[in-house]
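Working notes, structure below.
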2 protein chains.
Amino acid sequence: MVKKPENTKQKILLLGEKLLKEKGINAFSYHDISSSLGVKNAAVHYHFGSKEDLLLAIIEENRKRFEQMIQQMGTAGHMEVWNGLQEFINIYISSIENNRQICLFGSLGSDFFTIGPKGQTSLKLLSEKILAWLSEILTEGRKRGEFEFKGHARIKAMMLCSALAGGLQLARISEKKDFYNLVDQIKSDLKPS
Amino acid sequence: MVKKPENTKQKILLLGEKLLKEKGINAFSYHDISSSLGVKNAAVHYHFGSKEDLLLAIIEENRKRFEQMIQQMGTAGHMEVWNGLQEFINIYISSIENNRQICLFGSLGSDFFTIGPKGQTSLKLLSEKILAWLSEILTEGRKRGEFEFKGHARIKAMMLCSALAGGLQLARISEKKDFYNLVDQIKSDLKPS
DNA sequence: GTCTATATTCCGATAGAC
DNA sequence: GTCTATCGGAATATAGAC
């Protein structure tokens, strides 16, 4: 769940994230943010000196949210793995239901060569955390016989993230329903036969 | 295979496509194109009056290339389905080997709300053609027992496109090798057990 | 913390000469 | 078909008053 904004800085951060996931880092400006919040350009620069600062804060915000989620879920060994997977998928469902937003990796993967090295590194660290966590769930679920898939859990995790990220983008081109079908297919493919 | 540029217009078109797939539609300018080709801004505008015109031409170019590919392969009923699938996947492999370009759907899906209705419609038509073709291959392959998957071929086709599109983006964040692992996983998941 | 005002740069696009 | 020149606008960013 997204925190309710309490001050201008938090409002800027959340609106920046929204614009990042709706239009991309190169398609929104500080003026978009300031005018929408009823403040001036300079106020945004006061809180986030440069656009890169804002981007880094957005990535960090997503990292915190993810860490909080997995912390509340507990370790893979003590988790209902299907619930854990569904919680993860729910992040993407929330995105598509929220103005057809795409995910952080899809947005910044597409624009990867237009952001600075700090953003690239920060994004890479977050992706490693997410893939590691997802790999654990998959490994544990397969061990218990609740998931069934071939090959390495890590690669299967990459495939799930790729399909979900790409699915949000493809669903913009086609229709929202396609994303829900994709999610069902992903889950169906994981069910033991 | 990409045609060899013969004149300025073709050079602009191919360079525009390259920039679109490397940096995104909102991160390159006519100046990037003109300076790289050793001409002036006005020359680019002569060939493509507006950026939207260039975008439409890029989408159209990709459509032609796809139509040509499937025309050369023949109908699904007379095709080696694994070869057909591999040909399709090779488009993505060429992309990642070509400066880690992402695919058209990934790039324009991410920027979908920043392009005009003409581009959106043109992109949608192309995606329908590709999904229809891929669905045919999958259906034929499953009928012959060469592919194995659950559910509707159309949804499985959406999943393949999503995974490949997202995979190119994720591989930018992690590493190229991950994309090849993803491709192996996709193919492995399709093999009859 | 927010404002006005401004500096600077860049972008898409066009007019008119060659 | 390409050039020079330029317009109008938008972008990031900063200085200094309040």
Side-chain angles (χ1 to χ4, degrees), chain A residues 3-59 107-108 110-120, chain B residues 4-59 107-108 110-120 122:
Chain A
K3 272 181 273 181
K4 189 173 172 185
E6 290 167 356
N7 52 39
T8 300
K9 182 165 186 173
Q10 185 72 0
K11 284 181 185 171
I12 294 168
L13 183 58
L14 291 180
L15 181 53
E17 181 184 2
K18 170 184 162 73
L19 290 168
L20 176 76
K21 294 178 177 178
E22 287 175 14
K23 306 176 67 179
I25 189 73
N26 298 307
F28 74 88
S29 66
Y30 270 34
H31 178 258
D32 290 333
I33 292 177
S34 61
S35 65
S36 175
L37 295 183
V39 295
K40 297 297 171 183
N41 178 353
V44 183
H45 274 285
Y46 169 78
H47 292 290
F48 300 97
S50 72
K51 212 174 173 184
E52 182 175 32
D53 292 334
L54 176 58
L55 173 62
L56 293 175
I58 292 170
I59 298 172
S107 178
L108 292 175
S110 289
D111 293 339
F112 196 70
F113 299 140
T114 74
I115 64 176
K118 288 181 186 175
Q120 292 180 344
Chain B
K4 188 175 173 183
E6 289 166 358
N7 52 36
T8 300
K9 182 165 187 173
Q10 186 71 0
K11 285 181 185 171
I12 294 168
L13 183 58
L14 291 181
L15 181 52
E17 180 184 3
K18 170 184 161 73
L19 290 168
L20 176 76
K21 293 178 177 177
E22 287 175 12
K23 306 176 66 177
I25 189 72
N26 298 308
F28 74 89
S29 67
Y30 270 34
H31 178 258
D32 291 332
I33 293 177
S34 61
S35 65
S36 175
L37 296 181
V39 296
K40 296 298 171 184
N41 178 339
V44 183
H45 275 285
Y46 170 79
H47 293 288
F48 300 96
S50 71
K51 213 174 172 184
E52 181 174 34
D53 293 333
L54 176 58
L55 173 62
L56 293 176
I58 292 170
I59 297 172
S107 178
L108 291 175
S110 289
D111 293 340
F112 197 69
F113 299 140
T114 74
I115 64 176
K118 288 181 185 173
Q120 292 182 342
S122 179

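In what follows, every chain begins at residue 1, and chains take the letters A, B, ... in the order their sequences are listed.
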With a 4.5 Å heavy-atom cut-off, do A:Leu14 and A:Gln10 have their side chains touching? yes
Roughly how far, to the nearest 0.5 Å, is NZ of B:Lys18 from CD1 of B:Ile33? 12.0 Å
Measure from NE2 on A:His31 to C1' on C:dA5 and round the result to the nearest Å. 15 Å
Within-4.5 Å side-chain heavy-atom neighbours: B:Leu37 and B:Val44: no
Which residues within residues 42-53 of chain A lie with some heavy atom under 4.0 Å of an atom in DNA chain C? A:Ala42, A:Ala43, A:Tyr46, A:His47
Spacing of B:Leu56 atom CG and B:Lys51 atom NZ [to the nearest 0.5 Å]: 13.0 Å
What's the spacing between A:Glu17 CD and A:Ile59 CD1 if we round to 0.5 Å? 11.0 Å
For the residue pair B:Tyr30 and B:Phe48, what are the closest heavy atoms and their distance? OH-O, 2.9 Å
Would you mind telling me which residue lines up with the more 5' stretch of DNA chain D, A:Ser29 or B:Gly38, judged by nearest nucleotide? B:Gly38
Quick check with a 6.0 Å cut-off and a 45 degree axis cone: is A:Lys9 positioned over the face of A:Tyr46's six-membered ring? no
Minimal non-hydrogen separation, B:Asp32 against B:Lys23, with atom names: OD2-NZ, 4.4 Å
CG-CD1 distance between A:Leu108 and A:Ile115, expressed to the nearest 0.5 angstrom: 5.0 Å
Taking CG from B:Leu55 and C1' from C:dG12, how many angstroms apart are they, rounded to a whole number? 15 Å
What's the shortest heavy-atom distance between B:Ser107 and B:Gly24, and which atoms? OG-CA, 4.1 Å
Length of the CG-C1' vector between A:Asn41 and C:dT9, whole Å: 15 Å
First contact, last contact: which nucleotides of DNA chain D are these for chain A, 5' to 3', heavy-atom distance under 4.0 Å? D:dA11 to D:dA15
Whole-Å distance between C:dC11 P and B:Leu54 CG? 15 Å
Any donor-acceptor pair under 3.5 Å linking the side chain of B:Ser122 with the backbone of B:Lys118? no
To the nearest 10 degrees, what angle separates the axes at the start and end of the helix from C:dG1-D:dC18 to C:dC18-D:dG1, five pairs each? 0°
